[in-house]
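Remarks on the structure that follows.
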Amino acid sequence: MITVEHVTKAYANQQHAVSDLSFEVPQGTILGFLGPNGAGKTTTMRMLTGFMAPSSGRIAVAGFDTVKQSMEARRRIGYLPETPPLYNELNVRAYLDFVGRLKGLKDKKQRQARIAEVAEACWISDVLNKTPNKLSKGYRQRVGLAQAIIHKPDVIILDEPTIGLDPKQIQETRKLIKSLGGQHTVILSTHILPEVQMTCDRVIIINKGRILAEDTPENLIARSAGLQRVTLRVHGPQAEIEAHLKSLEIVQGVQYQRSDAELHTFLIESQAEGIQARLAREMVARDWGLYALQTAEGSLEDVFIQLVTNEQGGTDA
Ligand code: ADP
């Protein structure tokens with residue numbers, strides 16, 4: 001449904017905001033576009049929506065080139081930018097009616113029926129007569145989603161859709177996004193890892209304008225599965241404990257996390273079998289108080305941090 005081929009974008013007097021991006025998004029997929037701030041997510045979203053042309057390379061949406069066949073491509077896209085474009089002069093119903101007309105829903109009856117449909121799908125039926133300034137941020141975001149899908153686009157592009165929402169609103173918005181998959185192809189840009197884990201079928205990790213990895217969230221998590229992470233809480237002299245942990249051959253990484261008086265928490269990385277038992281023996285043998293020893297679950301965050309940190313080391317050093 002979406003094809004991106006060797007796309008590069010350079011802003012005036014700038015290094016490349018994105019470099020040589022290539023990927024494909026099959027129909028019905030929810031793709032997470034994940035990267036830290038400044039990675040090039042918004043730049044990519046803007047090129048996908050035809051809002052901006054690539055400096056080089058090519059993007060096609062449903063087979064239409066986003067530059068040469070811009071109108072055709074745009075007709076197939078619904079876009080929710082970081083801040084939804086709402087007008088306080090129009091109540092939600094009038095606004096959706098306006099957007100619907102703009103997007104080619106000419107028949108008034110049809111448009112009204114469609115407004116009722118998207119209002120229900122986005123849980124905004126109860127606020128159709130209100131103006132945006134009377135709505136919470138969660139509701140405004142859902143009105144933004146409703147305007148993005150009103151013309152039943154093949155492709156929905158969402159830029160940081162849950163930013164600034166409270167936890168309940170975030171949960172609802174994610175549920176809503178998930179319900180859009182299958183019928184629509186969705187690209188979701190975010191810097192929030194759990195968002196990808198909860199909503200996306202595939203994920204692209206981007207940093208400094210380049211793709212670092214592309215896979216299913218499950219496969220990406222499995223990549224770090226060989227590495228065990230253990231949280232250790234121990235009572236005793238912090239510097240000595242840390243030095244001892246680092247001196248152990250079976251330990252690959254020691255990260256000091258926090259202290260509560262003399263009780264310290266470390267995150268240990270190891271590839272060795274039986275690392276927990278060994279750590280317990282080491283602590284007890286030195287008469288340090290062992291309070292907790294827990295295996296931390298592998299997560300997308302581990303993979304993300306590994307990839308981004310490796311790259312930082314590789315390019316900045
Ligand atoms: P993200 O959305 O991942 O935070 P952006 O796509 O906004 O990243 O930015 C990627 C890079 O391009 C950053 O280095 C940013 O400073 C630069 N950039 C973004 N927009 C502009 C612009 N309009 N003019 C110049 N540089 C820009």
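Each ligand, and each atom within it, is numbered from 1 in the order the structure gives. Only this structure's heavy atoms are used, side chains among them; waters, hydrogens and symmetry mates stay out. Here the structure is a predicted model, which is why all the values come from computation and not from measurement.
Between the side chain of H264 and the backbone N or O of Q257 there is no donor-acceptor pair closer than 3.5 Å. Under a 3.5 Å cut-off, the side chain of K208 and the backbone N or O of G40 do not form any donor-acceptor pair.
Taking the side chain to side chain contact (heavy atoms under 4.5 Å, CB included) definition, one finds that P81 meets it with Y79, P85, sequence neighbours left out.
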Inventory of protein N or O atoms under 3.5 Å from ligand 1 N or O:
residue: ligand 1; atom: 2 (O); partner: T42; partner atom: N; Å: 2.8
residue: ligand 1; atom: 2 (O); partner: T42; partner atom: OG1; Å: 2.8
residue: ligand 1; atom: 3 (O); partner: A39; partner atom: N; Å: 3.1
residue: ligand 1; atom: 3 (O); partner: G40; partner atom: N; Å: 3.0
residue: ligand 1; atom: 3 (O); partner: K41; partner atom: N; Å: 2.8
residue: ligand 1; atom: 3 (O); partner: K41; partner atom: NZ; Å: 3.0
residue: ligand 1; atom: 4 (O); partner: G38; partner atom: N; Å: 2.7
residue: ligand 1; atom: 6 (O); partner: T43; partner atom: N; Å: 2.9
residue: ligand 1; atom: 6 (O); partner: T43; partner atom: OG1; Å: 2.5
residue: ligand 1; atom: 8 (O); partner: G40; partner atom: N; Å: 3.1
residue: ligand 1; atom: 20 (N); partner: Y11; partner atom: OH; Å: 3.4

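At a threshold of 4.5 Å between non-hydrogen side-chain atoms, the residues V18 and M47 count as touching.
Defined by atom type and a distance below 3.5 Å, a donor-acceptor pair is present between the side-chain atoms of E195 and T162. In this model, a donor atom of one side chain and an acceptor atom of the other lie less than 3.5 Å apart for D159 and S189.
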